[in-house]
Amino acid sequence: MSSAVVEVRNLAKRFGGFTAVDGVSFDIGRGEILGLLGPNGAGKTTTFQMMLGLVTPTSGTIRMFGLDLQQHREAILQQVNFSSTYISLPYSLTVEENLSVVARLYGMSDIAGRIDDMVKKLEMGEWRHKLTRKLSSGQMTRLTLAKALLTNPKVLLLDEPTASLDPDIAHKIRAILLEERQATGLSILYTSHNMREMEEMSDRIIFLQRGKIVAEGTAKEIVARFGQADLEEVFLKLAREQ
Amino acid sequence: MAYHRIAALVIRHLYLYRRSLPRLMEIIYWPFLDLVVWGFITVYLATFQGEMPAVVTFLLGALILWDVLFRSQQGITISFLEEIWARNLMNLFASPLTPSEFLAATMVMSLFKVIAVSIVMSVCAWLFYGYNVFIIGLWLIPFIMNLVLTGWIIGVFTTSLIMRFGQEAEVLAWSMVFLFQPISCVFYPMEVLPSWLRAVAWINPAAHVFEGMRGLLATHAPPLTSLSLASGLNLVCLGAVIFWFHRTFNVCKDRGSLVRVGE
Ligand SMILES: Nc1ncnc2c1ncn2[C@@H]1O[C@H](COP(=O)(O)OP(=O)(O)OP(=O)(O)O)[C@@H](O)[C@H]1O
């Protein structure tokens, strides 16, 4: 049996005649952070949504914890969570109410204690009783990250988790994610358009273009293979080849 | 079905209602206003009591029962719309929550709404017009239960249409039920309909409830036939729309439109 927590094989998604994801395969090991890079429209979000069971793949398989996602959706999603700069939580609830609903949805015990931990960890104390509608975009990003970590996931999907954060908070968030990985063996699939962050965070990177994987390896390996100075140069080279 | 997930969704909606005046108005003020308008019409009609006996009992009773159906449908559809407006569908359906649990939670919300609206309307009808809704007797209970089920049928049907066709279909949340009103025979007997429309009305469980109510008030005979027809049709139709909801859910997942509803 493979030791990978996530196994994606020949994953494809066609919308009508358009192929958004085209035969993608990758593994994520326990405690591994895999970076997913690619220009706009490369198929990153579609891949995420298929891994969250929100979009049905046209072909291919997604297995997590040794189980097939199509057949064991509930058991898998109980141990997976996600966060994105582009999502929010209901505006008319307070920060704490939103977290409490999420904790109940995942059947957590000691909800109050768990929320206290998250509030402390993500420095949300000053606005925990605020209506979500009144948060700044950076605070909202922290809240969605808190909701993702709250449920003790084993796999975390993060779509540009630091995009709207100031450098100080972004730095803290990265530290928290690394800490969490260290402490719990959390596996993370990560997208970001910040190449330095990608290099700093990812153990391995896959580069997606028009739905296909065009490069794979550690940041150093990819940079060396394309003969560029850094990941940003590789990105520009590949994106402009489109 | 995991009850903690259904409870989580219900609590999420209760948080919402707790501090929202427009949402509370939906439960208290609008039903009250409906009752006041129809109450005055009834009072006016009652001056012809001689020619139209039982008109008061009849119209106010029908109105309250119609509101039960309406609020029951709204309980389902508005709960779904709330998730679209809050852009919360992705958070919900990327969690272990199943579509059946989601529907079950909207049904619980619908029951809460029906109970609240029924209390408001019955108390107001009694206070302002001295009208006792229990004049219909204990039969009121199966009548109401059947109307709640019909409300769920229309609610689940409308929700599926909104999920499938997105924002353009949102208006159906308020208008769909009125498409059913003429064939629900709320204020008139089924026999006044032209024969082709009568055939359509016959399939509508709500029409049998209102027929039953009129029959009961007129003859005091137990409305067993009407209630059996209503219950049978309700169960069949509810099963069919729940099946259709699941199918639509899967179609939306296939088209990648589930998380884009309302955008
Ligand atoms: N539901 C859908 N129906 C039709 N086409 C879709 C659908 N969802 C995505 N696409 C198309 O699939 C392609 C990949 O989109 P996707 O959102 O996965 O890209 P992405 O890599 O996340 O881009 P970005 O960095 O801009 O977020 C795009 O061309 C997009 O238009």
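So you know, we letter chains A, B, ... as the sequences are listed, proteins then strands, and number each from 1.
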Is the closest side-chain heavy-atom distance between A:M108 and B:H4 below 4.5 Å?
no
Side chains of B:N250 and A:T56: closer than 4.5 Å at any heavy-atom pair?
no
Considering all heavy atoms, the nearest B:A86-A:S88 contact:
O-OG, 4.0 Å
Correct closest heavy-atom pair for B:P96 and A:Y106 would be CD-CE2, 3.5 Å
What part of B:L258 is in contact with chain A, defined as an atom under 4.5 angstrom from a non-hydrogen atom: side chain, backbone, both or neither?
side chain
Closest non-hydrogen atom pair, A:L105 against B:A8:
N-CB, 3.5 Å
Nearest heavy-atom neighbours spanning B:T98 and A:E74:
CG2-OE2, 3.2 Å
Please look at A:T151 and chain B and tell me whether the side chain, the backbone, both or neither of the residue comes under 4.5 angstrom of a heavy atom of that chain.
neither
Do other residues, nucleotides or ligands put more than 12 heavy atoms under 6.0 Å from B:W30 CH2?
no
Side chains of B:R19 and A:S92: does their closest heavy-atom pair fall under 4.5 Å?
no
B:M90 and A:L54 have their tightest heavy-atom pair at CG-CD1, 3.7 Å
What I'd like to find out is whether the side chain of A:V55 reaches to under 4.5 Å of the side chain of B:K253, using heavy atoms alone.
no
Got more than 12 heavy atoms from elsewhere within 6.0 Å of CZ, A:F15?
yes
Validation row: B:L14, A:E97 side chains within 4.5 angstrom (heavy atoms):
no
With a 6.0 Å cut-off (strictly less than), is the heavy-atom count around OH of B:Y3, excluding the residue itself, greater than 12?
no
Residues, nucleotides or ligands: over 12 heavy atoms within 6.0 Å of B:W126 CH2:
no
Look at atom NZ of A:K154 and say whether more than 12 heavy atoms of other residues, nucleotides or ligands are closer to it than 6.0 Å.
no
Could you check whether atom CZ of A:R114 has more than 12 heavy atoms from other residues, nucleotides or ligands sitting under 6.0 Å from it?
yes
Which heavy atom in A:P90 sits nearest to a heavy atom in B:R12, and how many Å separate them?
CG-NH2, 3.6 Å
Any Lys/Arg nitrogen of A:R14 or B:D254 sitting under 4.0 Å from an Asp/Glu carboxylate oxygen of the other?
no
Interface moiety of A:L93 toward chain B, non-hydrogen atoms closer than 4.5 Å
both
Considering only heavy atoms, which portion of A:L131 lies under 4.5 Å from any heavy atom of chain B: side chain, backbone, both, or neither?
side chain
Chain B contact via A:Q49 - which portion, at a heavy-atom distance below 4.5 Å
side chain
Taking the side chain as every heavy atom from C-beta outward, state whether A:S100 and B:Y15 have any atom pair closer than 4.5 Å.
yes
Check this for me: B:R247, atom CZ, are more than 12 non-hydrogen atoms of other residues, nucleotides or ligands nearer than 6.0 Å?
no
Relative to chain A, which of B:A2, B:A7, B:S95, B:G256 shows the most heavy atom pairs under 4.5 Å?
B:S95
Within a strict 4.5 Å, meaning less than it, do heavy atoms of the B:N91 and A:F82 side chains meet?
yes
A:R104 and B:L9, any side-chain heavy atoms less than 4.5 Å apart:
no
